[in-house]
> 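Please see the structure below; I have some questions.
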Amino acid sequence: MIQHIHTQIFETANGWVVSVWFDKGLAALTLPQESPGEAIYAIERKLSSWKDRNAFFVPDVPAEELDELLLHFQKLLLDYYNRLPVVFNIPVDLSWCTPFQFHVLNAIQAIPYGSTLSYRQVSIAAGYPKAARAVGNAAGSNLTPVVIPCHRVIMHNGKLGGFSDKIDFKKMLLDLESSNVRL
DNA sequence: GAACGAATAGGCA
DNA sequence: TGCCTATTCGTTC
């Protein structure tokens with residue numbers, strides 16, 4: 001049962017993003033969109049797949065009512081898109097996912113900024129050594145891209161693999177992270 | 001119970 | 001490299 005819903009919409013260096021928060025933490029996040037309207041459309045698409053939670057709406061919350069956590073997150077995300085090596089130490093609501101998805105997403109969240117893992121390596125880290133393909137499915141169900149860095153999971157041969165929202169986003173995020181990492 | 005992927009490994013040209 | 005096939009596995013319908 002959802003008791004509180006908060007939403008944020010703001011502009012980053014790469015475009016407009018919307019985040020949705022439930023009591024347990026960040027529930028969904030969009031990738032940067034060209035306009036506020038497109039960002040809202042993107043978040044609605046994500047939330048429409050939230051089948052366990054049918055009746056809910058997305059209210060607008062004035063900026064002054066956002067609590068510290070939301071402001072903290074906004075700063076982190078702005079820094080991230082300004083190419084700073086950000087660690088998203090915020091609570092994420094994963095109550096929607098299956099045990100397998102939970103383990104996989106946790107393994108992915110542990111991947112450091114600027115580095116990558118293969119789907120197979122993630123499957124091993126999550127405790128399911130042969131489930132590389134299923135890892136792809138779980139990654140695709142992730143509602144909080146960037147915070148749970150599913151873009152850091154690529155194919156074992158170095159190719160990018162797939163991505164829910166256009167593969168261009170995956171490439172863009174990896175480029176963004178690699179651009180400030182010293183070798 | 002069958003079909004579907006954001007996969008992988010091995011084989012062959 | 002590139003393409004093909006068999007194998008694998010959680011999720012969804």
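Lettering follows sequence order; numbering is per chain, from 1. Please read all numbers here as calculations on a predicted model, not as lab measurements.
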> Taking dG5(B) as the reference, what is the distance to dT8(C) when you measure between their C1' atoms (whole Å, please)?
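These two C1' atoms come out 12 Å apart once rounded.
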> With a sphere of 6.0 Å drawn around CZ of R152(A), does it hold more than 12 non-hydrogen atoms of other residues, nucleotides or ligands?
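Count over threshold, so yes.
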> Is it the case that T12(A) and N14(A) place a side-chain donor and acceptor less than 3.5 Å from each other?
no
> On a heavy-atom basis, which atom in H72(A) and which in N89(A) lie closest, and how many Å separate them?
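Smallest interatomic distance, heavy atoms only, reads NE2-OD1, 3.4 Å.
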> Report which part of the nucleic acid A131(A) touches: base, sugar-phosphate, or nothing (heavy-atom distance under 4.0 Å, all strands).
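Sugar-phosphate contact only - A131(A) comes under 4.0 Å of backbone atoms but never of a base.
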> Is any side-chain N or O of H156(A) closer than 4.0 Å to OP1 or OP2 of dA9(B)?
yes
> Over how many whole Å does the gap from F100(A) atom CZ to dG10(C) atom C1' extend?
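Distance check: F100(A) CZ to dG10(C) C1' gives 6 Å.
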> What's the CD-C1' distance between Q101(A) and dT12(C), to the nearest Å?
11 Å
> For the side chain of A134(A), starting at C-beta, report the closest nucleotide among dT8(B), dC9(C), dA6(B).
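From the listed options, dC9(C) comes nearest.
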> Without decimals, in angstroms, what is the distance between I124(A) CD1 and dC9(C) P?
13 Å
> Indicate, with yes or no, if the rings of F100(A) and Y128(A) have centres closer together than 6.0 Å.
yes
> How close or far is atom C1' of dG5(B) from atom CZ of R120(A), stated in whole angstroms?
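Computing the R120(A):CZ to dG5(B):C1' distance gives 19 Å.
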> From the list dG10(C), dC9(C), dA6(B), which nucleotide is the closest neighbour of the side chain of K130(A)?
dC9(C)
> CG of N157(A) versus P of dA6(B): gap in Å, rounded?
16 Å
> Of N137(A) and Q121(A), whose nearest nucleotide on DNA chain B comes first from the 5' end?
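Here N137(A) is the residue nearer the 5' end.
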> Figure out the OH/P separation between Y128(A) and dT8(C), and round it to whole Å.
18 Å
> How close do I148(A) and N142(A) get, counting heavy atoms only, and between which atoms?
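Where I148(A) meets N142(A) most closely, the heavy atoms are O-ND2, 3.1 Å.
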> Could you spell out the base pairing of DNA chain C in dot-bracket, with Watson-Crick or G-U pairs whose two distances are under 3.5 Å, [ ] crossing and | to another strand?
|||||||.|||||
> Starting at atom OH of Y119(A), determine the distance to atom P of dC9(C), rounded to an integer number of angstrom.
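Between P of dC9(C) and OH of Y119(A): 18 Å.
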> Is I5(A) reachable from Y41(A) through a run of I, L, V, M, F, W or Y residues, each pair having side-chain heavy atoms under 4.5 Å apart?
no
> Would you find a donor on one side and an acceptor on the other, under 3.5 Å apart, between the side chain of K170(A) and the backbone of L160(A)?
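Judged by distance alone, yes, a pair lies under 3.5 Å.
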> Can you tell me how far C1' of dA6(B) sits from CE of M155(A), to the nearest Å?
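That distance rounds to 9 Å.
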